[in-house]
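See structure below.
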Protein chains: 2
Amino acid sequence: MPRRSQAEAARTHDAILDRAVTVASTHGLEGLTIGRLATDMRMSKAGVIGHFGSKERLQLEALDRAIDDWRAAVWDPVAHEEPGLPRLLAIARRWSEFLGDCPFPGGCFLTAASFEFDDRPGPVRDRVREALALWLRVLAADARRAGLDDPDQIAFELNTIAMGTNSAVRLQEDPTAARRCRRAMERVLTR
Amino acid sequence: MPRRSQAEAARTHDAILDRAVTVASTHGLEGLTIGRLATDMRMSKAGVIGHFGSKERLQLEALDRAIDDWRAAVWDPVAHEEPGLPRLLAIARRWSEFLGDCPFPGGCFLTAASFEFDDRPGPVRDRVREALALWLRVLAADARRAGLDDPDQIAFELNTIAMGTNSAVRLQEDPTAARRCRRAMERVLTR
DNA sequence: TTACGTTACGAACGATCGTTTGCTATTTTC
DNA sequence: GAAAATAGCAAACGATCGTTCGTAACGTAA
């Protein structure tokens, strides 16, 4: 295959990332391999890695892509809601829907990455941690605005519910998980 | 190294499993490799795998060991408590202590395995799922005994809190996570 | 039109993966 | 005491890992 134009190369880059996010959602960011990605994309390994320089940078770009996707799916639809309890309730609804019917075949990418890298120092872990910490601050800020007691505890609880729900959906294949998730979150918010 | 007696071989077997559980708690059951295990144990790869037959059987034995350890650390100390709310509160205390100060360097093994294998069919996933389902039934039974509304929802919520707490402890290195975990569980039980 | 930059390839690198084979040394069994 | 069973090793298997190299083909800018 000959060289493509720069515009086409950018599309190739994107397509590789799409595939990377899909594969990593089930096999993990570490289980993601250049060779498999190359086969899937009908490219050479060198052609794939050439777009990123190293596997770690590929992992980081895939992670950023997944974060963007997540924000677009969960945060953007509710960002316009009134800050405080109304927005928290909207988040509870949207978040649990997202977990119950996830766009990635392996469930929530960020939850999986959290557990995969929680004990492995490096830029991937740092990035996951940063994204999660930001989200916890967003939740706590709205909880404070809503006048709820101990906003950090509220944020903590909402996040644990979401992570556990991912497991209930994927591992236990519990069809009621999304409903239970929303119910649990609403209980936290309205007690 | 010459052959050892059967009693010594059993000890070797156990020592390999100990190491396997430790390594897998941070690197995952898939990141666990025979070669690394052999180096750690100062054995040959063949000597290691000879005890288990295949990597998958090693994974399953390590998983069973981790399940036993977990039960000894969390369930056994509270099993004698009065079934119902008293035991659930004891579980909340013991479980959150366990999560905050885990014997494995990589945090709760079962939580990690849940997320690692939740989308990968096979005996490992089946075993994790079975163990978790059993635990959920135990929790729900006590919740029912306690007269709590929707016992399955209670079990679901307690489990999500535990899983999320593991992430807060490991990834966020949140020193208040264990306390928040216990508080969240008690709120679920006494509302 | 020429020169340069870049995409992507094929091939190879050393390392490591899980597993198998052949063997030795020892324990266990008869 | 002879024979069978077995723990563990050394070496090698083919496969795959991430990465590097040289090169061809093409787009882009001078």
Side-chain angles (χ1 to χ4, degrees), chain A residues 1-21 23-24 26-63 113 116-117 120-125, chain B residues 1-21 23-24 26-63 113 116-117 120-125:
Chain A
M1 198 83 89
R3 146 160 160 69
R4 318 282 187 85
S5 74
Q6 290 182 10
E8 283 168 335
R11 249 184 286 131
T12 304
H13 186 104
D14 262 32
I16 295 173
L17 272 187
D18 271 345
R19 185 69 199 154
V21 169
V23 173
T26 69
H27 288 70
L29 275 170
E30 214 55 59
L32 180 66
T33 69
I34 315 286
R36 164 157 193 187
L37 219 40
T39 304
D40 291 353
M41 303 295 300
R42 293 178 215 271
M43 291 178 66
S44 66
K45 292 204 293 174
V48 170
I49 199 65
H51 278 280
F52 307 94
S54 70
K55 181 178 176 178
E56 191 175 67
R57 282 219 282 274
L58 166 62
Q59 289 177 323
L60 285 169
E61 285 204 40
L63 182 54
E116 187 179 1
F117 282 88
R120 293 187 234 175
V124 176
R125 187 187 115 117
Chain B
M1 197 85 89
R3 153 161 156 66
R4 318 283 187 91
S5 72
Q6 289 183 11
E8 283 169 334
R11 250 184 285 131
T12 304
H13 186 103
D14 262 33
I16 294 173
L17 271 187
D18 271 345
R19 184 70 198 152
V21 169
V23 173
T26 69
H27 289 69
L29 276 170
E30 214 54 60
L32 180 66
T33 69
I34 315 286
R36 167 159 190 186
L37 219 42
T39 304
D40 291 353
M41 303 296 298
R42 293 177 215 272
M43 291 177 65
S44 67
K45 292 204 294 174
V48 170
I49 198 65
H51 278 279
F52 307 94
S54 71
K55 182 178 176 179
E56 191 175 67
R57 282 219 282 274
L58 165 63
Q59 290 178 322
L60 285 169
E61 285 205 39
L63 182 55
E116 187 179 2
F117 282 88
R120 293 186 233 176
V124 176
R125 188 187 114 116

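Whole-Å rounding puts the A:I16 CD1 to C:dT7 C1' distance at 11 Å. At whole-Å resolution of the value, CD in A:E56 and C1' in D:dT19 are 14 Å apart. One can place CG of B:D14 at 14 Å from P of D:dA7, the figure rounded to the nearest angstrom. As rounded to whole Å, 15 Å separates atom P of C:dG18 from atom CE of B:M43. Summarising the geometry, the separation between CG on A:L32 and C1' on D:dC17 is reported as 12 Å, rounded to the nearest angstrom. If you take CG of A:L37 and C1' of D:dT16, they are 15 Å apart, rounded to a whole angstrom. Distance, A:R57 CZ to D:dG18 C1': 14 Å, rounded to whole Å. One can place CZ of A:R11 at 14 Å from C1' of C:dT7, the figure rounded to the nearest angstrom.
Judged purely by atom type and a 3.5 angstrom limit, A:Q59 uses its side chain to pair as donor or acceptor with the backbone of A:L29. Within the 3.5 Å criterion, the main-chain N or O of B:F117 finds no donor-acceptor partner in the side chain of B:R125. At least one donor-acceptor pair under 3.5 Å links the side chain of B:K55 to the backbone N or O of B:L32. A donor-acceptor pair under 3.5 Å is formed between the side chain of A:R120 and the backbone N or O of A:E116.
Proximity of B:L58 to B:L17: side-chain heavy atoms (C-beta onward) are separated by under 4.5 Å at one or more points.
Ranking C:dT19, C:dA8, D:dT19 by closeness to the A:K55 side chain, first place goes to D:dT19. Side-chain proximity of B:I34 to C:dA8, C:dG18, D:dC9: nearest is C:dG18.
For A:D40, the salt bridge (charged side-chain N to carboxylate O under 4.0 Å, His left out) criterion is met by A:R19, A:R36, not counting sequence neighbours.
When heavy atoms are screened at a 4.0 angstrom cut-off, B:L58 is found touching no nucleic acid atom at all.
Residues from residues 44-53 of chain A that place a heavy atom under 4.0 Å from any atom of DNA chain D, listed by number: A:K45, A:A46, A:I49.
Between the side chains of A:E61 and A:H13, at least one donor N or O lies within less than 3.5 Å of an accepting N or O.
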